[in-house]
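First up is the structure itself, then whatever we jot down about it.
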2 protein chains.
Amino acid sequence: MLTGAARVANPCAACAVREQAVCAALSPGRLQRLIAIVTRVSFEPDQILFLEGEPDEYAFNISEGIARLSKMLSDGRRLVTAFVHPGDFIGLTPRHAYACTAEAVTALRVCRFPKAGLQAFFRDNPGMERRVLAMASAELWDAQSQLMLLGRKTARERLASFLRNWPSRPLPSGKSAWVIDLPMTRTDIADHLGLTPETVCRTFTALVKEGIVEMPLAERIILSRPNRLEKIAEGES
Amino acid sequence: MLTGAARVANPCAACAVREQAVCAALSPGRLQRLIAIVTRVSFEPDQILFLEGEPDEYAFNISEGIARLSKMLSDGRRLVTAFVHPGDFIGLTPRHAYACTAEAVTALRVCRFPKAGLQAFFRDNPGMERRVLAMASAELWDAQSQLMLLGRKTARERLASFLRNWPSRPLPSGKSAWVIDLPMTRTDIADHLGLTPETVCRTFTALVKEGIVEMPLAERIILSRPNRLEKIAEGES
DNA sequence: CGTATACTTGAATTGAGTCAATAAGTGTGG
DNA sequence: CCACACTTATTGACTCAATTCAAGTATACG
């Protein structure tokens with residue numbers, strides 16, 4: 001089931017997202033109190049963190065890897081509501097159940113918080129609750145952009161928006177070109193953009209033919225003309 | 001510009017949403033401190049509360065009436081991200097600007113909070129911040145349902161979902177039938193569901209022909225067969 | 001290597017959009 | 001009260017972007 005679950009003296013010392021995560025606001029003393037309720041857990045690709053509708057026993061902070069959040073209709077239609085990155089905090093809900101399913105896309109390392117303990121911890125650490133509110137606001141902002149994407153953008157604009165928003169690093173040789181790695185399948189991308197995998201493929205091919213992106217491998221995209229891509233993403237061409 | 005803006009001794013005494021709103025958590029004494037920074041404002045239909053991209057000077061709590069939140073692309077394509085009801089709290093953002101435009105659909109009465117004062121107030125009243133976080137979580141839940149709607153549902157399923165979610169009251173004479181009033185235009189509904197007004201019309205007509213709803217007036221819908229509507233909304237027929 | 005899975009491309013189909021016309025309200029001023 | 005202008009809602013005919021269905025191709029893995 002779980003690949004690993006462990007408690008160590010100070011698991012946060014080596015944490016790569018210590019500065020961005022919900023726990024960033026905490027003093028060393030309070031961090032120790034948080035560590036007392038947290039469990040570090042690992043997941044392999046496609047393993048499930050939690051299921052839509054299931055009682056919301058835990059919240060999670062992503063340390064390493066990418067996960068996907070998704071919802072399904074009874075006939076199997078799926079929507080990937082978001083891809084989740086290191087530093088993101090998931091599993092918070094206003095009901096007693098999870099709003100969506102969370103699965104590992106890549107190998108994953110997370111901090112797992114029991115909801116009950118977390119509520120109590122919030123009461124004593126308003127700074128952390130403030131940070132969670134800030135992250136929820138940011139999620140809402142992103143969700144609204146995604147609503148515009150799904151409701152009004154064309155396939156071409158959706159893929160351009162997706163590529164623009166995905167984390168990228170500068171291409172070593174190039175001037176203003178960027179590289180991105182896409183660890184998920186075309187079906188995952190399609191389900192995130194409200195399209196079919198076929199349409200995602202065709203749209204990639206079209207962008208490559210126009211010289212806007214390059215695709216040395218299916219899972220690696222080079223943004224050759226980022227400004228052009230940005231215009232497309234915003235529906236300005 | 002503004003239809004009215006006033007400060008009175010205890011504007012909250014007669015507030016219809018006192019129990020549901022963000023201020024519900026406050027003791028009488030703390031409520032007085034909040035009243036010191038709040039201004040009650042009225043808007044006429046189609047008046048603007050704030051514009052997408054504008055500096056986020058104020059947050060608002062809706063006391064009476066319905067508002068719409070929307071985003072636009074440069075070529076005029078619009079998406080209504082949400083309709084806002086009494087008790088809802090809007091204008092909270094993680095940036096320095098509003099994520100979307102807010103406009104009155106019906107005549108509106110709101111409480112207006114300067115952001116700066118609100119931040120300070122939160123610091124002294126963690127209970128209220130907790131309540132805002134709970135409301136943000138609820139908004140996120142709704143946004144995720146709307147993502148599924150826009151990404152994967154058919155026109156028929158979208159309209160059924162919309163009618164199911166809109167506040168309704170029981171039909172006096174009927175057994176299990178419900179009445180809803182739709183104060184917004186077909187274009188507003190279409191922009192909320194990622195459709196055109198023509199498709200919204202045609203889909204209404206189809207639901208009427210099938211006896212699932214009745215439409216004595218364009219702005220009044222009777223849900224004659226709510227169970228059937230629910231099934232359609234969830235893609236189960 | 002053979003099998004499975006993911007990706008890509010082509011051809012035919014279709015649900016919703018576009019364009020166009022008509023109907024039904026709503027408000028105004030003579 | 002009626003004629004007119006204006007906005008919103010509805011319906012019809014045609015179009016098209018994206019889906020569906022159907023091969024093929026590439027890649028990974030035991």
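Quick note on labels: first sequence line is chain A, next is B, and so on, each numbered from 1.
Reading DNA chain C from its 5' end, the first and the last nucleotide to sit under 4.0 Å from a heavy atom of chain B are dA16(C) to dC19(C).
Salt bridge absent: R186(B) and E219(B) never bring a charged side-chain N and a carboxylate O closer than 4.0 Å. Under the 4.0 Å criterion applied to side-chain N and carboxylate O atoms, E157(B) and R77(A) are assigned as salt-bridge partners.
Distances from the side chain of R202(A) to the nucleotides dT19(D), dT11(D), dT8(D) place dT19(D) closest. Here the side chain of M215(B) is nearest to one of dG12(D), dT20(D), dT10(D), namely dT10(D). Here the nucleotide nearest the side chain of A218(B), chosen from dA9(D), dT20(D), dA18(D), is dA9(D).
Few gaps surround CD on E210(A); more than 12 heavy atoms of other groups in view lie less than 6.0 Å from it.
L193(A) places its CG atom 10 Å from the P atom of dT19(D), with the value rounded to the nearest Å. Across the protein-nucleic acid pair, E198(A) atom CD and dA17(D) atom P stand 18 Å apart, rounded to whole Å. Following rounding to the nearest Å, R156(A) (CZ) and dC16(D) (C1') show an atom-to-atom distance of 17 Å. Look at CZ on F204(A): it is 19 Å from P on dA26(D), rounded to the nearest Å. One can place CD of E219(B) at 8 Å from P of dA9(D), the figure rounded to the nearest angstrom. Look at CG on L149(A): it is 15 Å from C1' on dA18(D), rounded to the nearest Å.
Proximity of T196(A) to the phosphate of dT19(D): a side-chain N or O atom is located under 4.0 Å from OP1 or OP2. Residue R186(B) has a polar side-chain atom (N or O) positioned under 4.0 Å from OP1 or OP2 of dT10(D). Residue T205(B) has a polar side-chain atom (N or O) positioned under 4.0 Å from OP1 or OP2 of dT11(D).
Checked against R68(A) for a salt bridge (charged side-chain N to carboxylate O under 4.0 Å, His left out), the options D46(A), D191(A), D88(A) give a single hit: D46(A).
Remark: R95(A) is positioned above the aromatic ring of W141(B), its terminal NZ or CZ atom under 6.0 angstrom from the ring centre and at most 45 degrees off the axis. Taking the ring axis of F60(A) as reference, the NZ or CZ atom of R112(A) does not stay both within 45° of it and closer than 6.0 Å to the ring centre.
A pairwise comparison of heavy atoms in E230(A) and R164(A) identifies OE1-CD, 2.5 Å as the closest pair.
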Passes side-chain contact (heavy atoms from CB on, under 4.5 Å), D142(B) versus E139(B)? Steps please.
CA-CA 5 Å; D142(B) 293 343; E139(B) 266 184 79; 5.7 Å; no
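Comparing the local axis fitted to the first five base pairs of the helix from dC1(C)-dG30(D) to dG30(C)-dC1(D) with the one fitted to its last five gives a bend of 30°, rounded to 10°.
Ring orientation note: the planes of F50(A) and Y98(A) are close to parallel, at an angle under 30° on the 30°/60° scale.
With values rounded to the nearest 0.5 angstrom, K115(B) atom NZ is found 5.5 Å from L92(B) atom CG.
Between G194(B) and V200(A), the one whose closest nucleotide on DNA chain C sits nearer the 5' end is V200(A). Both L195(A) and L217(A) lie close to DNA chain D; mapped to their nearest nucleotides by heavy-atom distance, the more 5′-ward contact belongs to L195(A).
Within the nucleic acid shown, T185(A) comes within 4.0 Å of sugar-phosphate atoms alone, with no base atom in reach, counting heavy atoms only.
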